[in-house]
Amino acid sequence: EDVAAFKELIRDDKEYTVRAQALEVVSELLDRRLLAAVREAAEKDADPRMRRRAMEVALRLAEASSVERALRDVKEEVERAKAENREFRERFSRWMVHAEPAPQRRHGQEEVPTLLVNAGPLKSFEVLTAQQGTPGREEVDPTPLISFVFPVFFGLMFGDLGHGAIVTAVSLLIRQRGTGSLRQWGNVFLVAGVSSMVFGVLFGEFFGFELYSFVPIPAVIEIMKTPFEAIPLPDITNIQLVMVISILVGIAHLITGLTLDVFQALRAHEMVEAVVGKIPTLTMYLSGVGYGLAFIGAGFSFNVLKPTPVPAPLLGIPNNILGGVSLAVLFPSMLVLFAGRALAIRLGRLSGEGFGEALANGGLEVFERISQFLSNTISYVRLAIMLLVHAVLLQTISYLSPITNPVLLPAWIMFNLLVLSFEALIVYIQDLRLHIYEFFTKFYRGTGTPFRKILPDRVGTDIKWL
């Protein structure tokens with residue numbers, strides 16, 4: 001490029017001094033020894049045509065010298081690249097290099113794929129997480145939580161030692177014979193089956209019979225009275241206890257989801273969003289639970305500030321104190337949810353709709369949260385209801401007891417298999433529903449892009465004998 005520029009300057013400029021300076025610069029840039037003689041002739045010759053001819057010759061010599069050096073440099077670079085390539089192949093011949101287009105950007109950040117890393121038995125529960133999608137950039141992977149909560153919910157709704165043993169045996173068979181995702185589902189239901197067996201022992205259930213009739217293990221919570229009575233009935237007191245346990249489990253589940261929502265906002269540095277939305281939602285639910293306990297302690301009265309001789313249930317603290325603290329947290333939380341986002345928009349800390357629209361949406365959000373929290377919490381009663389339905393169905397089948405009449409054994413087996421398959425499917429659906437609609441909606445969106453390996457995972461080994 002320099003040679004071309006100087007050549008253009010020498011050809012068009014009529015001043016000899018400028019042409020001589022340009023030639024001198026060219027000679028300094030390139031090989032001075034090749035140009036020395038020609039430059040001397042150009043300076044001494046009186047004929048302008050001869051000087052122009054000498055300068056053109058000098059440029060050709062300069063270009064030839066430049067091309068020669070460039071070719072020599074390229075040749076050396078090629079040889080060096082070949083040597084590095086040989087070294088690379090010798091060291092990394094067993095590896096493969098793969099390149100993909102740059103990821104798209106979302107909200108100013110690269111949308112990088114997500115690789116879930118869960119070791120051992122936890123990895124199998126990734127199939128449940130995938131039902132809602134892959135975690136995004138700032139989202140928490142809920143798989144470890146699901147691996148514990150899902151089997152507990154399943155066992156609580158399907159608590160029977162006999163049926164749990166059958167689910168475990170079938171899951172073991174699927175795990176041994178299945179490959180890929182089928183093997184993962186086998187692992188999931190293997191843990192769920194073991195959980196059903198544990199809860200079956202706690203409830204004293206064995207194919208609808210009282211477990212204590214076969215082994216000397218008393219039930220911790222007896223759902224049904226002795227099945228050998230003329231008219232077996234559910235134990236109402238224990239059923240109420242299981243319902244209370246179900247509600248408490250649901251409250252803990254929802255609080256965990258709301259807490260994770262706050263954690264994700266803080267990790268994503270969304271401080272304003274956390275202050276005006278996430279944290280008030282969590283404190284509103286916590287104070288709402290406290291107000292509900294105070295409401296029960298006050299004899300189902302809204303006047304929770306009135307002193308009562310009976311302390312608040314479960315917590316054991318004075319009812320009026322619990323009610324006062326709950327109201328002191330509840331109303332500010334509702335106020336922040338109502339006007340916090342609109343105020344942040346007015347101050348320029350958040351972008352979005354206008355001030356009036358944000359204020360109206362805040363009011364709707366408060367009412368929506370109240371109804372949502374009530375429905376979400378009550379929804380966990382299904383844990384106790386499904387347990388009761390399962391126990392009653394098995395209790396009905398126990399009338400076909402092969403213990404008293406061996407002829408009824410085929411019918412007893414057939415009905416047990418029908419109840420097992422039907423109930424197992426329903427319990428799985430209800431368990432998945434509690435996670436997707438009650439738990440995931442509090443913090444998990446699943447909008448990430450799954451990481452794709454170059455080589456597929458090995459799902460099995462086929463051995464061919466020669």
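Side chains are part of it too, since the values below use all heavy atoms of this structure and drop only hydrogens, waters and symmetry mates.
In this structure, P135 and V140 approach most closely via the heavy-atom pair CB-O, 4.3 Å. Considering all non-hydrogen atoms of both residues, V201 and L161 come closest at CG2-CD1, 4.1 Å. Closest heavy-atom contact between R175 and L190: CD-CD2, 4.1 Å. Across every non-hydrogen atom of A274 and P280, the tightest pair is O-CD, 3.7 Å. In plain terms, the two heavy atoms of A358 and I345 that are nearest each other are CB-CD1, 3.8 Å. Between V167 and S171, the shortest heavy-atom distance links the atoms O-OG, 2.7 Å.
Counted by atom type alone, S287 and S326 present zero donor-acceptor pairs between their side chains at under 3.5 Å. A donor-acceptor contact closer than 3.5 angstrom links the side chains of E438 and S379. No side-chain N or O of N303 forms a donor-acceptor pair with one of S301 less than 3.5 Å apart.
Relative ring orientation between H435 and F153 is described as tilted, the plane-to-plane angle lying within the 30° to 60° band. Classification of the Y428-F189 ring pair by plane angle, with boundaries at 30° and 60°, yields tilted. In this pair, Y444 and F440 present their aromatic rings tilted. The plane angle is within the 30 to 60° band.
Proximity of L434 to L383: side-chain heavy atoms (C-beta onward) are separated by under 4.5 Å at one or more points. Annotation: side chain of F443 is not in contact with side chain of T256 (no heavy-atom distance under 4.5 Å). Counting only heavy atoms from C-beta outward, the side chains of L128 and T143 never approach each other to under 4.5 Å. Side chains of V304 and L322 form no contact here, defined as non-hydrogen atoms less than 4.5 Å apart. Two residues are said to be in side-chain contact when any heavy atoms from C-beta on lie closer than 4.5 Å; V275 and V336 fail this criterion. The closest side-chain heavy-atom distance from I436 to Q131 is below 4.5 Å. F373 has its side chain within reach of T281: a pair of non-hydrogen atoms, C-beta onward, lies under 4.5 Å apart. Residues L330 and M334 form a side-chain contact, since some pair of their non-hydrogen atoms from C-beta on lies under 4.5 Å apart.
The local environment of CZ in F355 is crowded, with over 12 non-hydrogen atoms from other residues, nucleotides or ligands closer than 6.0 Å. By the 6.0 Å contact criterion, CZ on R349 is open, its count of non-hydrogen atoms from other residues, nucleotides or ligands being 12 or less. The number of heavy atoms from other shown groups lying within 6.0 Å of CZ (R267) is above 12.
Atom CG of L314 and atom CG of L293 lie 5.5 Å apart (nearest 0.5 Å). Taking CZ of R382 as the start and CE of M157 as the end, the distance is 8.5 Å to the nearest 0.5 Å. Note that CD1 of I426 is 7.5 Å distant from CD of Q430, once rounded to the nearest 0.5 Å. Going from atom CD1 of I146 over to atom CD of Q132 covers 9.5 Å, rounded to the nearest 0.5 Å. Atoms CE and CG, from M243 and N238 in turn, are 12.0 Å apart once rounded to the nearest 0.5 Å. Atom CD1 in I166 sits 6.0 Å away from atom CG in L417 (nearest 0.5 Å).
At distances below 3.5 Å, not a single donor-acceptor pair connects side-chain atoms of N319 with backbone N or O atoms of T308.
Looking at F203, F158, F207 one by one, the single match for ring-ring contact (aromatic ring centres under 6.0 Å, His included) with H390 turns out to be F158. Under the side-chain contact (heavy atoms from CB on, under 4.5 Å) test applied with Q264, the options K278, E139, E138 reduce to a single match, E139. Exactly one residue among L156, D431, V381, V427 makes a side-chain contact (heavy atoms from CB on, under 4.5 Å) with M386. That residue is V427. Each of N187, L145, V149, V191 was evaluated against F125; a single residue qualifies, V191, per the side-chain contact (heavy atoms from CB on, under 4.5 Å) test. None of T259, L258, L266 except one satisfies the side-chain contact (heavy atoms from CB on, under 4.5 Å) rule with V262; the exception is L266. When F148, F150, F439, Y437 are each tested for a ring-ring contact (aromatic ring centres under 6.0 Å, His included) with H253, only one passes: F439.
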Report task. Let me see the working for Y285 and T377 under side-chain hydrogen bond (donor to acceptor under 3.5 Å, both in side chains), right down to the final yes or no. Result -> CA-CA 10 Å; Y285 184 70; T377 305; 2.9 Å; yes
>> Evaluate T134 against T114 for side-chain hydrogen bond (donor to acceptor under 3.5 Å, both in side chains), listing each step before the verdict.
In response: CA-CA 7 Å; T134 304; T114 302; over 6 Å; no
Report the C-alpha distance between V329 and L286 in whole Å, list the side-chain angles of each, state the deciding distance to 0.1 Å, and finish with yes or no for side-chain contact (heavy atoms from CB on, under 4.5 Å).
CA-CA 9 Å; V329 177; L286 289 172; over 6 Å; no
Using the rule given for side-chain contact (heavy atoms from CB on, under 4.5 Å), can you reason through T129 versus D141, listing the C-alpha separation, both sets of side-chain angles and the distance that settles it, and then say yes or no? CA-CA 8 Å; T129 303; D141 179 15; 4.2 Å; yes
Worksheet item: Could you go step by step and tell me if I174 and R183 meet the side-chain contact (heavy atoms from CB on, under 4.5 Å) rule?
Response: CA-CA 6 Å; I174 295 175; R183 182 183 177 87; over 6 Å; no
Verdict with reasoning, V276 to L350, per side-chain contact (heavy atoms from CB on, under 4.5 Å): CA-CA 10 Å; V276 302; L350 284 179; 4.2 Å; yes
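Look at K442 and D261 and you find no salt bridge, because none of the NZ, NE, NH1 or NH2 atoms lies under 4.0 Å from a carboxylate O. The pair E365-R341 does not count as a salt bridge, with every side-chain nitrogen at least 4.0 angstrom from each carboxylate oxygen.
Aromatic pair F295/F300: centroids less than 6.0 angstrom apart.
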